[in-house]
2 protein chains.
Amino acid sequence: MEKPLSQRPAPDTAARERLVMAAIGLFTRKGYAATSVREIVEAARVTKPVLYYHFKSKEGIYLETLRETMEEFEALLETLAPSAEPADFQVQRFCGEVFELFLKRIDVVRLVHSIMYGPPQGAPPFDFHAAHDRMVESIRGLIRLGVARREFRDGNEEGMTLAVLGAFNVVYELRMIHPERGVGRDALDWALDVVFRGMKRAEIRQERR
Amino acid sequence: MEKPLSQRPAPDTAARERLVMAAIGLFTRKGYAATSVREIVEAARVTKPVLYYHFKSKEGIYLETLRETMEEFEALLETLAPSAEPADFQVQRFCGEVFELFLKRIDVVRLVHSIMYGPPQGAPPFDFHAAHDRMVESIRGLIRLGVARREFRDGNEEGMTLAVLGAFNVVYELRMIHPERGVGRDALDWALDVVFRGMKRAEIRQERR
DNA sequence: GTCTATACATGGATAGAC
DNA sequence: GTCTATCCATGTATAGAC
């Protein structure tokens, strides 16, 4: 039973959305503790009680922004399904797709990264471990597949998982601290080339570049 | 012309040192913005003016703590000198030594990591890039050496540097988020085994485990 | 749902005595 | 160099009208 638009004082149902956008921008650029509620509401062009109405505290809007953006990452991980392609292709495609998503949301990645690995900064706890573990397990699963198919060598599954994850990590991390160097997808492929060469059995190895 | 100890009101020259210790502990556990001056002085068992006397602001004691701890890392990097050993041994030893230092000061590493890669959190700027770049260049230099000696393959120096750095990064990062899993030096060696195998020329490659 | 106005705690920093 | 006492800006959050 909503009133017709014409009778509402201000048809600003977008206020909540603007708040989320503003909050993401500020939290990612300044960090949780360094961002004040006043800054958020000014950026969203609303007043303080609007924020406290829709969320109920600074922690509330923070957790909500994280929840909304993490859903994107979860969704991408869901789409992963083992295929008949060579295992290294699958690993490379998976890493590449997640990497593209990271590039698109590099600011959020920066925030999540600093909270996952760094001190809590006064921010309420948020569970990133589950998503991170799922990503690691996805890679490990593809590597197990490659080992079972005798594409990858046997006996160092953990080392291979770490090497792949490391190649992925180092590239997006370099991108965060040196955006001007344009470290991108090609750098990821170069690093993965080295790693794959170290993973493949001698018999089936062949150059791909 | 100092007075003899007996005549000083309180021989507490350790106050400054206690402040630095307390500041490191709090900044690393809570982050810069989330740590208050009151907390620091209470932990150091002094009063506020003592902090403002020795340093001159919150930013001052923060920068001083960072400066003091970064000197350790710089010192370790200085000790690196190319030797006649195989290049992969040298890379492994270098990574291992830096890794040991990281483990010893894992809390400081956590703070530096989150500030390097994350939002500034209201903290004054501090130049970590120089030290980080030097570390990367050290690895790249050893890899160039290996290539020149025909131990490593030619044509993907950048990929090899990234792969090595990635193996190093991923291991200490995992250690930070999952200390209970005991990810340690052995995991680093497993990952590097994969990477080295991908770097070595086929002719000279041989198992080392 | 959105406003004005305000409560109330905590923040960083300093004055001035010793 | 260290204290007590205090200043003042900023912080989060809310009351109460519309």
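Protein chains get the first letters and strands the later ones, always in sequence-line order, with residue 1 at the start of each.
Here A:Glu64 pairs with A:Arg16 in a salt bridge; the nearest charged N to carboxylate O distance falls below 4.0 Å.
Note on A:Ser36: every side-chain N or O is 4.0 Å or more away from OP1 and OP2 of D:dT10. OP1 or OP2 of C:dG11 has at least one side-chain nitrogen or oxygen of B:Arg38 nearer than 4.0 Å. In this model, the phosphate group of C:dT2 is not approached by any side-chain N or O of A:Thr47 to a distance below 4.0 Å at OP1 or OP2.
What separates CZ of B:Phe55 from P of D:dG1 is a distance of 12 Å, to the nearest Å. Taking atom CD on A:Glu39 and atom P on D:dT10, their separation rounds to 11 Å, with Å as the unit. Between A:Lys30 atom NZ and D:dT10 atom P the separation is 12 Å, expressed in whole Å. If you take CZ of A:Arg45 and C1' of C:dC3, they are 17 Å apart, rounded to a whole angstrom. Separating the CD atom of B:Glu42 from the P atom of D:dT2 is a distance of 17 Å, rounded to the nearest angstrom. Residue B:Leu51 contributes atom CG, which lies 13 Å from atom C1' of D:dG1 at whole-angstrom precision. For the pair B:Tyr53 OH and D:dG1 P, the computed distance is 4 Å after rounding to whole Å. Spacing between atom CZ of B:Arg16 and atom C1' of D:dT2 amounts to 16 Å, rounded to whole angstrom units.
Sorted by first and then second residue, the salt bridge (charged side-chain N to carboxylate O under 4.0 Å, His left out) pairs with a member in residues 52-62 of chain A form an empty list; sequence neighbours excluded.
Of the candidates D:dT2, C:dT2, D:dT12, C:dT2 carries the atom nearest the A:Val50 side chain, counting heavy atoms from C-beta on.
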Donor-acceptor contacts under 3.5 Å from residues 128-135 of chain A side chains, at least two apart:
residue, atom, partner, partner atom, Å
A:Asp133, OD2, B:Arg181, NH2, 3.3
A:Arg134, NH2, A:Glu74, OE1, 2.3
A:Arg134, NH2, A:Glu74, OE2, 3.3

Residues 161-172 of chain B, side-chain donor-acceptor partners within the protein, below 3.5 Å, at least two apart:
residue, atom, partner, partner atom, Å
B:Thr161, OG1, B:Glu157, O, 2.8
B:Asn169, ND2, A:Glu173, OE1, 3.0
B:Tyr172, OH, B:His113, ND1, 3.0

Table please: side-chain donor-acceptor pairs of residues 95-112 of chain A below 3.5 Å, with sequence neighbours left out.
residue, atom, partner, partner atom, Å
A:Glu100, OE2, A:Arg185, NH1, 2.7
A:Arg105, NH1, A:Glu72, OE2, 2.3
A:Arg110, NH1, A:Met176, O, 3.2

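Partners of A:Glu42 according to the side-chain hydrogen bond (donor to acceptor under 3.5 Å, both in side chains) rule, which considers only residues two or more places apart in sequence or in another chain, do not exist here. The side-chain hydrogen bond (donor to acceptor under 3.5 Å, both in side chains) search around B:Thr47 returns none, not counting sequence neighbours. By the salt bridge (Lys or Arg N to Asp or Glu O under 4.0 Å) test, B:Glu71 pairs with B:Arg67, sequence neighbours left out.
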Original post:
Once each nucleotide of nucleotides 13-18 of chain C is scored for protein heavy atoms under 4.0 Å, what B/S/- sequence comes out, 5' to 3'?
Top reply: BBB---
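Of the residues in residues 20-27 of chain A, not one places a heavy atom less than 4.0 Å from an atom of DNA chain D.
Remark: side-chain polar atoms of A:Glu158 are not paired, donor with acceptor, to backbone N or O of B:Ala187 under 3.5 angstrom.
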